[in-house]
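Structure record follows, encoded as structure tokens.
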Amino acid sequence: MTSEIDMNFPLHFSEEVQLARKSGKPIVALESTIISHGMPFPENLSVANDVENVVREHGAVPATIAVMEGRVHVGLNPMELESFANRKNVMKCSRRDLPLAISQRRDGATTVAATMIVAAMADIRIFATGGIGGVHRHAESTFDISADLTELSKTNVAVVSAGAKAILDLPKTLEYLETMGVPVIGFGTDHFPAFYSVSSGLKLPMRLDTPQEMAEFLHAKWSMGLHGGVIVANPIPEDAALDAEDMEKAIQEAILQSVSKGIGGKELTPFLLKFLNEFTAGKSQVANRALVLNNAAVAAKIAIALRDL
Ligand code: PSU
Ligand code: MN
């Protein structure tokens with residue numbers, strides 16, 4: 001389907017995913033950077049387990065994607081998941097890094113971009129995460145724009161997320177996605193979510209209200225040969241949302257700290273998330289958990305609707 005992706009690259013499927021592929025059960029891809037770089041142990045393991053279970057409870061099969069000792073896994077069994085969540089020196093792998101993790105037989109956590117690549121190789125079309133990477137604040141001087149955005153412009157996977165992380169420049173992120181032709185669809189909302197809060201106040205050009213409509217949209221895009229991903233923008237549940245003004249203050253402090261410590265490149269996002277967790281006394285992580293679980297549920301429903309088309 002996606003011309004660039006080699007569907008013959010050897011992948012290691014978990015038993016559960018292998019069975020799902022045989023029986024045509026819908027599969028939802030899950031990323032692993034959030035496990036290794038997004039949250040500390042043991043919270044990361046408990047979120048990873050819960051996200052998988054939400055996918056199962058909604059009738060789909062979870063496929064957590066990660067590199068372990070150079071092997072690309074699609075679906076981890078419970079022992080592998082626990083082992084991965086405990087590992088140190090896991091590389092954060094985006095598109096550019098995947099070949100190094102594989103060739104050097106390293107452990108690698110896949111970002112949104114890398115997870116999309118592996119999902120496409122495994123013929124998985126739906127992927128749930130927390131928030132995508134995007135255009136960082138001050139990108140006009142740092143040039144820091146996540147490779148998640150360019151991946152979304154070419155790889156055929158729909159990403160269910162609570163928008164882009166609030167640490168980013170959300171208007172610039174939306175402009176970039178528009179230029180690259182990536183549809184950003186509000187799922188039951190007119191506004192772009194702001195990760196920890198329900199709305200960024202930014203109006204979205206598209207809104208769909210049901211998993212069926214989302215599946216029909218995906219089918220229309222891909223059956224036209226229009227390569228690329230879609231962002232299903234699914235706001236955090238109201239009761240789990242954090243106050244946007246409080247978070248904005250925390251984020252500004254986090255960015256100041258990152259500048260004074262000289263943190264940049266792929267370390268920046270993990271640094272900011274960790275800082276926010278400490279600054280909010282764990283509240284940001286509780287919200288992060290709630291929104292990821294919510295995205296997993298919606299992703300499972302869309303995966304089922306896509307199969308039923
Ligand atoms: N969303 C989260 N926690 C995370 C990430 C997203 O709730 O840790 C990760 C994703 O894997 C995303 C990555 O692809 O951060 C973006 O990193 P960068 O800005 O370096 O491209
Ligand atoms: Mn970056």
Side-chain angles (χ1 to χ4, degrees), residues 29-41 43-44 47-48 50-51 64-67 84-85 90-98 101 108-119 127-152 155 157 159-170 172-173 176-177 193-197 229 231 233-236 240 242 247 251 254-255 258 263-277 280 283-296 299:
L30 302 168
E31 62 149 307
S32 46
T33 296
I34 186 165
I35 303 174
S36 61
H37 294 72
M39 289 177 191
F41 185 83
E43 178 73 7
N44 61 349
V47 172
D50 289 357
V51 174
T64 298
I65 289 173
V67 181
F84 186 82
V90 177
M91 268 177 77
K92 175 180 165 188
C93 293
S94 190
R95 164 178 278 260
R96 66 161 189 200
D97 313 285
L98 268 181
T110 52
T111 63
V112 168
T115 305
M116 288 177 74
I117 292 170
V118 176
F127 161 26
T129 183
I132 60 160
V135 179
H136 277 270
R137 300 183 188 195
H138 314 295
E140 62 276 20
S141 57
T142 64
F143 271 48
D144 191 345
I145 300 174
S146 175
D148 290 354
L149 300 187
T150 40
E151 203 59 51
L152 277 158
T155 299
V157 175
V159 183
V160 183
S161 72
K165 276 173 298 237
I167 54 173
L168 301 165
D169 186 323
L170 298 184
K172 286 199 186 83
T173 299
Y176 194 96
L177 288 165
F195 200 63
Y196 302 116
S197 27
I231 296 178
N234 183 38
I236 186 171
L242 301 179
M247 280 317 285
I251 289 164
I255 292 172
S258 71
I263 298 195
K266 69 188 206 176
E267 274 80 49
L268 181 60
T269 296
F271 173 87
L272 296 175
L273 292 177
K274 183 160 178 274
F275 183 93
L276 287 180
N277 185 40
T280 62
K283 271 200 218 151
S284 71
Q285 216 162 269
V286 174
N288 203 339
R289 176 191 201 106
L291 66 87
V292 177
L293 296 182
N294 189 40
N295 293 338

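As the structure lists them, so they are numbered: ligands from 1, and atoms in each ligand from 1.
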* Heteroatom distance test (T110, ligand 1): nitrogen or oxygen, under 3.5 angstrom -> no
* Can you check whether R96's main-chain N or O pairs, donor with acceptor, with S94's side chain at less than 3.5 Å? -> no
* **Enumerated ligand 1 atoms positioned under 4.0 Å from heavy atoms of H136** => 19 (O)
* Asked: In terms of atom number and element, which parts of ligand 1 are under 4.0 angstrom from non-hydrogen atoms of T111?
  -> 11 (O), 14 (O)
* To do: Would you check the N or O atoms of L273, main chain and side chain alike, for any that come under 3.5 Å of an N or O of ligand 1?
  => no
* Please confirm whether the backbone N or O of T110 pairs with a side-chain atom of T33, one donor and one acceptor, at under 3.5 Å? => yes
* **CA sep, side-chain torsions, deciding dist, call: T129, E31, side chain to side chain donor-acceptor pair (under 3.5 Å)** => CA-CA 7 Å; T129 183; E31 62 149 307; 2.4 Å; yes
* Asked: What is the number of protein N, O or S atoms that sit under 2.8 Å away from the Mn ion (ligand 2)?
  -> 1
* To do: Could you tell me if any non-hydrogen atom of K92 lies under 4.0 Å from any atom of ligand 1?
  => yes
* **Within-4.5 Å side-chain heavy-atom neighbours: L168 and V135** => no
* **Per-residue contact class, V292 against ligand 1 - non-hydrogen pairs under 4.0 Å** => neither
* Asked: So, do L276 and I167 sit near enough that their side-chain heavy atoms are less than 4.5 Å apart?
  -> yes
* Distance in Å, I34 CD1 paired with M39 CE, rounded so as to fall on 0.5 Å steps -> 4.5 Å
* To do: Can you sort out which atoms of ligand 1 are near G131, meaning under 4.0 Å from one of its heavy atoms?
  => 1 (N), 6 (C), 7 (O)
* Asked: Has ligand 1 got any nitrogen or oxygen that is less than 3.5 angstrom from a nitrogen or oxygen of T269?
  -> yes
* Asked: Within the distance-only criterion (no hydrogens, no angle test), does the side chain of T150 pair as donor or acceptor with the backbone N or O of A147 below 3.5 angstrom?
  -> yes
* **S94 touching ligand 1 at heavy-atom level, < 4.0 angstrom** => no
* Asked: For ligand 1, which atoms, with element, lie under 4.0 Å from some heavy atom of F195?
  -> 7 (O)
* Structure fact -> the protein heavy atom lying closest to atom 5 (C) of ligand 1 turns out to be K165 NZ, 3.0 Å
* Just going by heavy-atom distances, which of T33, D148, N288 is nearest to atom 12 (C) of ligand 1? -> D148
* Mind checking whether K92 and S36 have side chains closer than 4.5 Å, heavy atoms only? -> no
* With a 4.0 Å cut-off, would you call E43 and R289 a salt bridge? -> yes
* Asked: Can you tell me the protein heavy atom closest to atom 21 (O) of ligand 1 and the distance?
  -> S146 OG, 2.7 Å
* Does an N or O from G130, backbone or side chain, lie closer than 3.5 Å to an N or O of ligand 1? -> no
* For ligand 1, which atoms have a heavy atom of G38 less than 4.0 angstrom away? -> 8 (O)
* Any donor and acceptor pair, going by atom type alone, linking the side chain of N295 with main-chain N or O of L291 inside 3.5 Å? -> yes
* Asked: If you measure every N/O of K266 against every N/O of ligand 1, is any gap under 3.5 Å?
  -> no
* E31 neighbourhood, listing ligand 1 atoms whose heavy-atom distance to it stays under 4.0 Å -> 6 (C), 10 (C), 11 (O)
* Asked: Is there side-chain contact between H138 and D144, with at least one heavy-atom pair below 4.5 Å?
  -> no
* **Pair D97 + K266, salt bridge at N-O below 4.0 Å** => yes
